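Encoded as structure tokens, the structure appears first; notes follow it.
What you are looking at is a predicted structure, and each value in this text was computed from that prediction instead of being measured. In what follows, every heavy atom counts, from backbone to side chain, and hydrogens, waters and symmetry copies are set aside.
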Amino acid sequence: MLTSLPNLLTLSRIVVIPLVILTFYVEGAWTHWLACGLFVAAAITDWFDGWLARSWNQVSAFGRFLDPIADKLLVAAVLFMLVAFGRVSQWSELPALIILLREILVSGLREFLAEIRVGMPVTRLAKWKTGFQMVALPVLLVGEAGPQGLPTQEIGEGFLWVAAALTLITGWDYLRAGLKHLTGPAA
């Protein structure tokens, strides 16, 4: 199952990360658009790999393990590079930090709950959060290389703030749902 198409699509999201990072080190507006295209292609594979795995009955433990990791690595790498290269305003570094911290919190919580065999399904609001992130990040990757007269940077940062607000809400929801298991007696 490691080489099934859904798992290969998931792995492709990890493979694309160094390519996106490389675009930050090459001058030219075209690299902003290339990074955007790579990110969008990776985001599409995020939806497509799950759909294929379910449709073709190829859901695997490896895929369930790797899919959220690939997503978080891609998002974290892009947020880190946007901040490191000053491609978001100082004020918009805060939502980037909020998103990263929530991802670490939820990952840790999910890992703990999995150890005690408690599932934590993705909520509808968390899917909206992901949607806003997946719009904000490619827009921010294009940034100032966007079409003349279109405030691309401001649009991207606006979506990033909405994603961060939803991140806080969904992070709190997940934490609250997991708290009853965290505060109980140790197994």
Side-chain angles (χ1 to χ4, degrees), residues 1-53 58-90 92-108 110-111 122 126-127 129-147 152-153 155-157 159-161 163-164 166-167 171:
M1 279 302 246
L2 181 64
T3 59
S4 69
L5 183 56
N7 286 341
L8 291 174
L9 289 172
T10 300
L11 286 168
S12 75
R13 284 202 304 286
I14 295 172
V15 169
V16 82
I17 294 169
L19 299 174
V20 172
I21 290 171
L22 185 63
T23 65
F24 282 83
Y25 293 96
V26 180
E27 292 292 323
W30 69 274
T31 61
H32 294 240
W33 286 99
L34 177 60
C36 174
L38 290 169
F39 185 89
V40 168
I44 290 169
T45 69
D46 183 27
W47 177 83
F48 205 52
D49 64 1
W51 181 80
L52 280 177
Q58 292 184 349
V59 175
S60 67
F62 179 74
R64 284 193 321 270
F65 160 76
L66 194 61
D67 184 68
I69 291 172
D71 299 343
K72 286 168 183 32
L73 288 174
L74 179 63
V75 168
V78 169
L79 285 170
F80 179 84
M81 295 305 288
L82 288 168
V83 170
F85 278 76
R87 298 218 345 230
V88 293
S89 68
Q90 190 173 9
S92 288
E93 291 173 7
L94 182 60
L97 181 62
I98 289 168
I99 291 168
L100 288 175
L101 293 177
R102 182 262 191 200
E103 295 304 336
I104 293 167
L105 169 76
V106 170
S107 294
R110 278 206 168 115
E111 184 177 333
V122 176
K127 290 182 186 244
K129 181 263 318 171
T130 301
F132 276 98
Q133 263 180 205
M134 295 305 171
V135 171
L137 295 179
V139 172
L140 288 169
L141 285 168
V142 169
E144 297 303 322
T152 312
Q153 190 70 30
I155 292 169
E157 289 185 12
F159 275 99
L160 191 65
W161 274 98
L166 294 174
T167 292

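Residues that satisfy the side chain to side chain contact (heavy atoms under 4.5 Å, CB included) test with Ile17, not counting sequence neighbours, are Ile21, Leu73, Leu74, Ala77. Applying the side chain to side chain contact (heavy atoms under 4.5 Å, CB included) rule to Ala53 yields the partners Pro6, Val59; only residues at least two apart in sequence or on another chain are considered. Checked against side-chain hydrogen bond (donor to acceptor under 3.5 Å, both in side chains), Gln153 has the following partners two or more places apart in sequence or in another chain: Glu157. Every residue two or more places apart in sequence or in another chain that forms a ring-ring contact (aromatic ring centres under 6.0 Å, His included) with Phe48 is listed here: Trp51. Residues satisfying the side chain to side chain contact (heavy atoms under 4.5 Å, CB included) criterion with Phe24, sequence neighbours excluded, are Val20, Met81, Leu82, Phe85, Arg87, Leu141. Among residues two or more places apart in sequence or in another chain, the side chain to side chain contact (heavy atoms under 4.5 Å, CB included) test is passed with Val26 by Trp30, Thr31. Remark: Arg13 pairs with Asp46, Asp49, Asp67, Asp71 by the salt bridge (Lys or Arg N to Asp or Glu O under 4.0 Å) rule, at least two apart or across chains. In this view, Lys127 satisfies the side-chain hydrogen bond (donor to acceptor under 3.5 Å, both in side chains) rule with no residue, not counting sequence neighbours. The side-chain hydrogen bond (donor to acceptor under 3.5 Å, both in side chains) search around Thr167 returns none, not counting sequence neighbours.
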Query raised in the report: Between Val88 and Val83, is a side chain to side chain contact (heavy atoms under 4.5 Å, CB included) present by the stated rule, with each step listed?
Result: CA-CA 6 Å; Val88 293; Val83 170; 3.9 Å; yes
Query - Val16/Thr45 under side chain to side chain contact (heavy atoms under 4.5 Å, CB included): CA gap, chis, key distance, verdict - result: CA-CA 11 Å; Val16 82; Thr45 69; over 6 Å; no
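Nearest heavy atoms, Leu105 versus Gly171: CD2-O, 4.2 Å. Closest of all the heavy-atom pairs between Cys36 and Val142 is CB-CG2, 3.5 Å. Heavy-atom minimum distance, Ser60 versus Gly63: OG-N, 2.9 Å. For Ala35 against Thr23, the heavy-atom pair with the smallest separation is CB-OG1, 3.2 Å. Among all heavy-atom pairs drawn from Ile98 and Ala164, the shortest one is CG2-O, 3.8 Å. Heavy-atom minimum distance, Trp161 versus Ser92: NE1-OG, 3.3 Å.
Taken from CG in Leu52 to CH2 in Trp47, the straight-line distance is 8.0 Å, to the nearest 0.5 Å. Atom CG of Leu11 and atom OG1 of Thr3 lie 10.0 Å apart (nearest 0.5 Å). In this structure, CD1 in Ile99 is found 4.5 Å from CG in Leu160, a value given to the nearest 0.5 Å.
The side chain to side chain donor-acceptor pair (under 3.5 Å) analysis of residues 75-85, with sequence neighbours excluded, yields no pairs.
A side-chain donor-acceptor contact under 3.5 Å links Ser12 to the backbone of Leu9.
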Let me check something: any side-chain donor-acceptor pairs from residues 129-140 under 3.5 Å, sequence neighbours excluded? List them with distances.
unit_1, atom_1, unit_2, atom_2, d
Lys129, NZ, Glu103, OE2, 2.9
Thr130, OG1, Ala126, O, 3.1

